[in-house]
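Worksheet: the structure to be examined is printed underneath.
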Amino acid sequence: MTTRVIIVDDQAMVRAGFAALLAAQSDIDVVGDAPDGVQGVALSRRTHPDVVLMDVRMPEMDGLEAARQLLDPPAGVTHRPKVLMLTTFDVDDYVYEALRAGASGFLLKDAPPADLISAVRVVAAGEALLAPSVTRRLIADFARRRPTPRKDRTSLRLNDLTPRETEVLELIARGLSNQEIADALIVAEQTVKTHIGRVLAKLGLRDRAQAVIFAYESGLVSPGER
C-alpha cells in the first residue's frame with residue numbers, strides 16, 4: 001500500500017530535497033508541496049494525503065495553526081491526515097502545542113534521511129513517532145514550566161478509566177514501551193495494546209503522545225517522578 005505525502009515548508013530547497021528522497025521509495029508517493037500553512041491546508045483538502053510533513057515556522061500561517069485546522073477540521077470535512085512536524089529545535093513550544101493538537105510527532109530537519117523515511121512509515125501506520133523515552137523527556141520539560149495540574153475537566157476525565165487503565169496510562173507517561181508495560185503488569189503485550197486503545201477512546205485522545213500530555217496535565221504524573 002502506498003503512503004501519500006505532502007510537504008509544507010517555506011524553504012524551496014527543503015521541499016525539493018525531502019520530495020526527492022521520499023519519492024524514491026516504492027511505498028511513498030509525494031502528491032504535492034506548499035510554501036506556507038494556508039496553501040498547505042488547501043493542498044491537503046484537495047489531495048487527501050496520508051501524512052503531512054509540516055514545518056513549524058512559516059509565513060501567512062504557521063505550522064501549528066495549519067496542523068490544528070487539519071486535525072480538527074470544520075463540519076463537512078472528513079479527511080484528517082497524520083501530521084509530522086518539522087523543526088530545527090528538539091524542544092519547542094510550537095512542538096508541544098502541536099502534539100496537544102494531535103500531531104503524531106516531530107522530526108528535526110537535519111535528521112538523517114533514513115530517519116525521515118522511517119518517520120513517514122511509522123506515522124502512516126498509525127503510531128506516534130516519538131519513542132517513549134523521548135516523549136517523556138519532551139513533555140516533562142514543559143510540565144516543569146507548568147507545574148500546576150489542571151483541576152477541571154481534565155483531571156475529572158480520569159474517573160472514566162478503570163484502575164488498570166489508569167495504571168497503564170501512568171506507565172505510558174513514565175516512558176515505558178508496550179513490552180515494558182506488559183512485563184511490569186505481567187500480561188501479554190496485546191493486552192496492553194487493548195488497554196491503550198480503550199484509554200485513548202475514553203479520553204478522546206488521538207495517540208500516545210497526547211496520552212502522555214494528558215497524564216501530566218491531569219496531575220496523574222508529576223515531573224521528576226520515576
Side-chain angles (χ1 to χ4, degrees), residues 1-87 92 94-109 111 113-130 135 193 196-197 200-201 203-211 213-214:
M1 183 175 179
T2 301
T3 297
R4 294 165 57 83
V5 178
I6 66 171
I7 303 164
V8 185
D9 192 293
D10 62 339
Q11 298 180 44
M13 289 295 290
V14 170
R15 298 198 306 275
F18 282 10
L21 179 64
L22 294 173
Q25 311 306 309
S26 60
D27 60 335
I28 298 175
D29 184 14
V30 179
V31 296
D33 64 81
D36 60 59
V38 172
Q39 294 184 56
V41 171
L43 178 64
S44 179
R45 300 274 197 258
R46 293 196 307 272
T47 60
H48 291 186
D50 300 300
V51 178
V52 176
L53 295 179
M54 182 77 74
D55 188 21
V56 169
R57 292 178 173 82
M58 294 180 291
E60 301 299 328
M61 179 191 292
D62 64 26
L64 174 57
E65 178 57 30
R68 285 174 174 156
Q69 291 193 19
L70 292 178
L71 296 168
D72 187 20
V77 177
T78 59
H79 178 250
R80 296 188 185 189
K82 302 293 194 307
V83 176
L84 177 59
M85 304 303 295
L86 301 172
T87 180
D92 185 292
Y94 281 89
V95 169
Y96 176 76
E97 293 301 332
L99 292 174
R100 288 189 65 191
S104 296
F106 74 97
L107 188 71
L108 295 178
K109 285 189 177 183
D115 287 0
L116 171 64
I117 297 168
S118 174
V120 169
R121 289 172 176 158
V122 168
V123 169
E127 300 292 333
L129 175 64
L130 304 183
T135 301
K193 292 180 179 179
I196 292 174
L200 298 180
L203 298 178
L205 304 174
R206 186 181 178 94
D207 56 28
R208 194 185 197 99
Q210 282 196 318
I213 292 171
F214 179 92

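Scope of the values below: all heavy atoms of this structure, side chains included, with no hydrogens, waters or symmetry mates.
Among residues at least two apart or in separate chains, side chain to side chain donor-acceptor pair (under 3.5 Å) pairs with a member in residues 62-74 are Glu65-Gln69. For residues 13-24, the salt bridge (charged side-chain N to carboxylate O under 4.0 Å, His left out) pairs, not counting sequence neighbours, are Arg15-Asp33.
In this structure, Leu205 and Ala211 approach most closely via the heavy-atom pair CD1-CA, 3.6 Å. The two atoms that bring Ala67 and Met85 nearest to each other are CB-SD, 4.2 Å, heavy atoms only. Nearest heavy atoms, Val123 versus Ser104: CG1-CB, 3.8 Å.
For the atom pair Thr2 OG1 and Asp50 CG, the distance stands at 9.0 Å (nearest 0.5 Å). Remark: Gln39 CD to Ser44 OG distance equals 13.5 Å, nearest 0.5 Å. The distance from the OG atom of Ser118 to the CG atom of Leu107 is 9.5 Å, given to the nearest 0.5 Å. Atom CG of residue Leu70 and atom CG of residue Leu43 lie 10.0 Å apart, to the nearest 0.5 angstrom. Summarising the geometry, atom CZ belonging to Arg57 is positioned 10.5 Å from atom CG belonging to Leu64; distances are rounded to the nearest 0.5 Å.
In this structure, Phe106 and Leu84 have side chains that are not in contact, with every pair of non-hydrogen atoms separated by 4.5 Å or more. A heavy-atom distance below 4.5 Å is not found between the side chains of Ile6 and Val30. Residues Pro35 and Gln11 have side chains not in contact (no heavy-atom distance under 4.5 Å, counting atoms from C-beta outward). With contacts defined as side-chain heavy-atom distances shorter than 4.5 Å, the pair Asp55/Val8 does not qualify. Residues Gln210 and Leu99 form no side-chain contact, since every pair of their non-hydrogen atoms from C-beta on lies 4.5 Å or further apart.
Taking a cutoff of 4.0 Å between a charged side-chain nitrogen and a carboxylate oxygen, Arg121 and Asp27 qualify as a salt bridge. Checked for salt-bridge contact, Lys109 and Asp9 meet the test: a charged N lies under 4.0 Å from a carboxylate O.
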Point to revise | From CA spacing to verdict: side-chain contact (heavy atoms from CB on, under 4.5 Å), Asp10, Asp36 | key: CA-CA 6 Å; Asp10 62 339; Asp36 60 59; 5.9 Å; no
Exercise for review: Please report the C-alpha distance between Phe214 and Leu203 in whole Å, then the side-chain angles of each, then the deciding distance to 0.1 Å, and finally whether the side-chain contact (heavy atoms from CB on, under 4.5 Å) criterion is met.
Suggested key: CA-CA 9 Å; Phe214 179 92; Leu203 298 178; 3.7 Å; yes
Review point. What's the verdict on side-chain contact (heavy atoms from CB on, under 4.5 Å) for Asp29 and Thr3, showing C-alpha distance, side-chain angles and the deciding distance?
Key: CA-CA 6 Å; Asp29 184 14; Thr3 297; over 6 Å; no
Check your understanding: Taking it one step at a time, do Val5 and Leu53 satisfy side-chain contact (heavy atoms from CB on, under 4.5 Å)?
Key -> CA-CA 7 Å; Val5 178; Leu53 295 179; 4.2 Å; yes
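At least one donor-acceptor pair under 3.5 Å links the side chain of His79 to the backbone N or O of Pro49. A donor-acceptor pair under 3.5 Å is formed between the side chain of Arg4 and the backbone N or O of Thr47.
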